[in-house]
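To start, the structure under review is shown below, and the notes come after it.
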2 protein chains.
Amino acid sequence: MSRKSIQRDAILQVIKNTTSHPGVDWIYDEVRKEIPNISLGTVYRNLRLLAQAGEIRELDIPGSAKRFDGDTSNHRHLICEKCGRIFDLYEAVDPKIEARIFQKTGFKVKRQYLKLIGLCSDCQKQEEQLKTYIYDNSLIKGGEK
Amino acid sequence: MSRKSIQRDAILQVIKNTTSHPGVDWIYDEVRKEIPNISLGTVYRNLRLLAQAGEIRELDIPGSAKRFDGDTSNHRHLICEKCGRIFDLYEAVDPKIEARIFQKTGFKVKRQYLKLIGLCSDCQKQEEQLKTYIYDNSLIKGGEK
DNA sequence: TTAAGTAATAGTAACCGTTACTATTATTAT
DNA sequence: ATAATAATAGTAACGGTTACTATTACTTAA
């Protein structure tokens, strides 16, 4: 990543200018508004380079495509299993765990990936509503998982 | 998963009889020793069914294919970033974190995925050796990442 | 300031893990 | 036994990602 490129700058800007945690497709679409004929391969290559350079973070979401985060500060993610949205969590992880593991096992922890899967408050409300419907009206709405 | 099948039983046995955390290819190879013409699709389908039924666990390793674990007890994984081996960790995760997150954010955590990436003790030794070579002989060996 | 050297690119093909499809086989309840 | 239908083998398709290749555009130094 020694030479500058307009494409890479544009990709970085797109990611830095959102607080969402976009996937490649979304990034590709956004960048094409600036550079209509940019190649998808260019997007992938530069995302890798930018992540390696530490300018962005690459998230891995179980069972779905890569996502990226322009916020490289130390934070974790809450993933709603219903709506798929990703929320930021600025909660420190117990730092003692690494020392304890090293003592016990000899394994040297370098990175902790703590992913918390659950329901965001919006989806909890929906679940509540759904329950009410079911109990009140004996209506069962399927396929919401 | 209402009817029994020889294929599914064989797949389950293969996974239960190893303490490694095998991927689909390895499982497929092992099962073919018993059932040579088993279909790869059958392996995938039954792995999904067995995981849904809670008889095995499906692991997701960042940037690599699915792996499975016949040990469904509550434990976590240490992943060596050098050799790729997966080690079991029977260390409880701070349970207070879930309550704290709910209080602060309203997000209801259902599952914690704590993956610890680092170096196993074997690979640490190799790294040490490598450093020694470099310092002693000014030999640089590349590509070991 | 131009020319040479070579990253980076666009466009496309290939790849790989996984899922979907379909005709056939095997299991279960009657 | 027979009917109903899960489950299978074999194969095709799929989606995300990477690899390839000829071309373009930075950068350095003459």
Side-chain angles (χ1 to χ4, degrees), chain A residues 1-15 20-53 55-69 79 84 86 143 145, chain B residues 1-15 20-53 55-69 79 84 86 115 142-143 145:
Chain A
M1 195 161 94
S2 49
R3 293 186 184 175
K4 64 170 278 214
S5 97
I6 291 157
Q7 288 84 349
R8 180 159 52 238
D9 290 348
I11 291 164
L12 183 57
Q13 281 319 305
V14 163
I15 298 171
S20 73
H21 303 78
V24 175
D25 287 354
W26 187 89
I27 296 166
Y28 183 44
D29 287 345
E30 286 299 307
V31 176
R32 265 193 300 185
K33 291 175 186 170
E34 294 284 316
I35 307 167
N37 69 329
I38 192 171
S39 171
L40 182 56
T42 298
V43 175
Y44 271 103
R45 180 167 23 78
N46 282 301
L47 288 172
R48 194 183 336 121
L49 292 171
L50 290 167
Q52 283 170 356
E55 305 214 49
I56 62 176
R57 268 178 68 188
E58 181 183 327
L59 315 180
D60 89 292
I61 312 303
S64 85
K66 287 175 181 172
R67 294 220 189 175
F68 294 85
D69 194 343
I79 302 159
I86 300 174
K145 178 58 191 298
Chain B
M1 196 162 94
S2 48
R3 294 184 184 177
K4 62 169 279 213
S5 99
I6 290 157
Q7 288 84 349
R8 180 159 51 240
D9 290 348
I11 291 165
L12 183 57
Q13 282 317 305
V14 163
I15 298 170
S20 73
H21 304 77
V24 175
D25 286 354
W26 187 89
I27 295 166
Y28 182 45
D29 287 345
E30 286 299 308
V31 176
R32 265 193 300 185
K33 292 175 185 169
E34 295 283 318
I35 307 167
N37 69 328
I38 192 172
S39 171
L40 183 57
T42 299
V43 175
Y44 270 103
R45 179 166 26 77
N46 282 300
L47 288 172
R48 196 186 332 124
L49 291 172
L50 290 167
Q52 282 169 357
E55 306 214 50
I56 62 176
R57 268 177 69 186
E58 181 183 328
L59 315 180
D60 89 293
I61 313 302
S64 85
K66 286 175 180 172
R67 294 220 187 177
F68 293 86
D69 194 343
I79 302 159
I86 300 175
K115 267 180 306 210
K145 177 61 188 298

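So you know, we letter chains A, B, ... as the sequences are listed, proteins then strands, and number each from 1. Please read these numbers as outputs of a predicted model, since none were measured by experiment. Heavy atoms only: backbone and side chains are in, while hydrogens, waters and symmetry mates are out.
At least one donor-acceptor pair under 3.5 Å links the side chain of R67(A) to the backbone N or O of H21(A). The backbone N or O of R45(B) sits nowhere less than 3.5 Å from a side-chain atom of R8(B) that would complete a donor-acceptor pair.
Donor-acceptor pairing under 3.5 Å, judged by distance alone, is absent between the side chain of R45(B) and the base of dT19(C).
In this structure, N46(A) reaches the dT9(C) phosphate: one of its side-chain N or O atoms is under 4.0 Å from OP1 or OP2. Contact annotation: Q7(A) reaches the phosphate of dA10(C) (side-chain N/O to OP1 or OP2, under 4.0 Å). The side chain of S5(B) places no N or O atom within less than 4.0 Å of a non-bridging phosphate oxygen (OP1 or OP2) of dA26(C). One finds a side-chain N or O of K66(B) lying less than 4.0 angstrom from the OP1 or OP2 phosphate oxygen of dT19(C).
For D9(A) and dA7(C), the CG to C1' distance is 15 Å, given to the nearest whole Å. Remark: C1' of dA19(D) and OH of Y44(A) are 14 Å apart, rounded to the nearest angstrom.
Counting non-hydrogen atoms under 4.0 angstrom, I6(B) reaches the backbone sugars and phosphates but no base.
Closest to the side chain of V24(A), out of dT17(D), dA7(D), dA9(D), is dT17(D). Relative to the side chain of R48(B), the nucleotides dA8(C), dT19(C), dA9(D) differ in distance, and dT19(C) lies closest. Comparing dA8(C), dT17(D), dG17(C) by their nearest atom to the side chain of R3(A) picks out dA8(C). Considering only the side chain of S2(A), dA8(C) comes nearest among dA8(C), dG17(C), dA7(D).
Between K4(B) and S39(B), it is S39(B) whose nearest contact on DNA chain C lies nearer the 5' terminus.
Counting non-hydrogen atoms of other residues, nucleotides and ligands closer than 6.0 Å to CD1 of I6(A) gives a total of 12 or fewer.
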